[in-house]
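The next block holds one structure in the form of structure tokens; read it before the comments.
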Amino acid sequence: MRNHTELNEFILLGIPQTEGLETVLFVVFSFIYLFTLLGNVLILTAIVSSPTLHTPMYFFLGLLSIFDMCFPSVTCPKMLCSLSGLSQAISYKGCAAQLFFYHFLGSAEGCLYSVMAYDRFVAICHPLRYKLIIRPGVCVGLVMTAGLVGCLLATVLTSFTFQLTYCGTNRVDYFFCDLPAVLPLACAYSSLAQRVGSTNVVFLALMLWLSVCISYTRIGVAILRIRSAEGRQKAFSTCGAHLTAILCAYGPVIIIFLQPSPKPLLGAVVQILNNIVSPMLNSLIYSLRNREVKSSLKRVLHNVILNSVN
């Protein structure tokens, strides 16, 4: 990636149409961000510390917790810094890094949702062959593929964006560096970069959403074939938390795609829901709806309390 820019930094103007609400937003987003980090750390600790949770399903859940800590960390600290009244400036390289990791982690997490849906499909539709199909090597291969897809997409988008010349205004009318906010500032012709960016993002999102829909359609058919109500309830409980997390992740994205001409404030709200709120909800969903995770969390908290007392 070559740097042709004459600018050394960009100015992030923040969330559109929120002038005068900086203090309130700082308090709210600080609480959400800290709660997200704490919740996912607890889930990860519960999975690592409990041998009964050392299975493919919880291996993927642990990775999701890591993603849910890293993904909001790409944009939230700088946003909080700006809301607190500190510098709104971000360096040219920092802007490029923010755009890269935003799309890398977002795409990799989307792939991980599809992998988790496939894992639940095998567990419910092929329970006797589950250990044969979802072997440790397969788990690692699926995760590496998700990371590779995210890295390739982020590299393409970042390269197309920052090979352009930026020599005019450096004021980004948004709270982080993303394609729709940065490309209009380019002095050179940016139509190709815009088409490549939108096409790749939309195509990957649709493919991942389609794979999730296929997996859960087949899961739904398999659950309906179970005769006992207890069996259907047990099968549904194994994938209910994951399905809820997927809806929380894809819901904001679907909302913005359904808008013919989305307003800046609506786009910012959707991005905040996707970047900050959804990772927090994941920790609540998997801790409240999963019996094994709740039991392990209780043991971890009990041991922490005992150690602090002693």
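Given the structure is predicted, the values throughout are model-derived calculations rather than measurements.
With His54 contributing its side chain and Ile47 its backbone, the two residues share a donor-acceptor pair below 3.5 Å. Looking only at distances, a side-chain donor or acceptor of Lys78 sits under 3.5 Å from a matching main-chain atom of Ala89. Checked by atom type and distance alone, the side chain of Ser84 pairs as donor or acceptor with a backbone atom of Cys81 at under 3.5 Å. Side-chain atoms of Ser296 come within 3.5 Å of backbone atoms of Ala46 as a donor-acceptor pair (strictly under, hydrogens ignored). Between the side chain of Ser30 and the backbone N or O of Val27 there is no donor-acceptor pair closer than 3.5 Å. Side chain of Glu22 to backbone of Gly20: a donor-acceptor contact under 3.5 angstrom is found. With Asn170 contributing its side chain and Glu9 its backbone, the two residues share a donor-acceptor pair below 3.5 Å.
The OH atom of Tyr58 lies 12.0 Å from the OG atom of Ser65; values are rounded to the nearest 0.5 Å. Leu142 contributes atom CG, which lies 5.5 Å from atom CZ of Phe60 (distance to the nearest 0.5 angstrom). Considering NZ of Lys131 and OG1 of Thr55, their distance stands at 10.0 Å, rounded to 0.5 Å. Remark: Leu12 CG to Phe175 CZ distance equals 10.0 Å, nearest 0.5 Å. Going from atom CZ of Phe59 over to atom CD1 of Ile134 covers 11.5 Å, rounded to the nearest 0.5 Å.
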Please assess Phe10 against Tyr166 for the test ring pair (Phe, Tyr, Trp, His ring centres under 6.0 Å), listing each intermediate value before the final yes or no. CA-CA 10 Å; Phe10 293 95; Tyr166 294 88; 5.8 Å; yes

With side-chain contact (heavy atoms from CB on, under 4.5 Å) as the criterion, how do Cys111 and Thr145 come out once you've worked through the C-alpha distance, each side chain's angles and the decisive distance to 0.1 Å? CA-CA 8 Å; Cys111 293; Thr145 301; over 6 Å; no

Verify ring pair (Phe, Tyr, Trp, His ring centres under 6.0 Å) between Tyr92 and Phe162, making sure each step is shown before the conclusion. CA-CA 9 Å; Tyr92 179 86; Phe162 288 94; 5.3 Å; yes

Kindly indicate, with the supporting measurements, whether the criterion side-chain contact (heavy atoms from CB on, under 4.5 Å) is fulfilled by Glu109 and Leu63. CA-CA 9 Å; Glu109 184 168 348; Leu63 287 175; over 6 Å; no

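Tyr130 places a side-chain heavy atom less than 4.5 Å from the side chain of Asp119. Inter-residue side-chain proximity for His103 and Leu99 is flagged as met; some heavy-atom pair is nearer than 4.5 Å. A heavy-atom distance below 4.5 Å is found between the side chains of Phe176 and Asn275. Contact check for Gln271 versus Thr75: no side-chain heavy atoms found under the 4.5 Å cut-off.
Proximity of the aromatic rings of Phe31 and Phe29 is defined here by a centroid distance below 6.0 angstrom, and this criterion is not met.
Nearest heavy-atom pair across Ile276 and Pro72 is CA-CB, 4.5 Å. Heavy atoms only, all atoms of each residue included: Ala117 and Ile219 are closest at O-CD1, 4.1 Å. Phe67 approaches Ala108 most closely through the heavy-atom pair CZ-CB, 3.8 Å. Scanning both residues, Tyr102 and Val74, for their nearest heavy atoms gives N-CG1, 3.9 Å. Closest of all the heavy-atom pairs between Pro127 and Cys125 is CD-C, 3.4 Å. Pairing each heavy atom of Pro279 with each of Asn40, the nearest pair is O-ND2, 3.6 Å.
Under the 3.5 Å distance criterion, with hydrogens and angles disregarded, no donor-acceptor pair is assigned to the side chains of Ser215 and Arg120. Side-chain N/O atoms of Ser73 and Tyr33 include a donor and acceptor closer than 3.5 Å.
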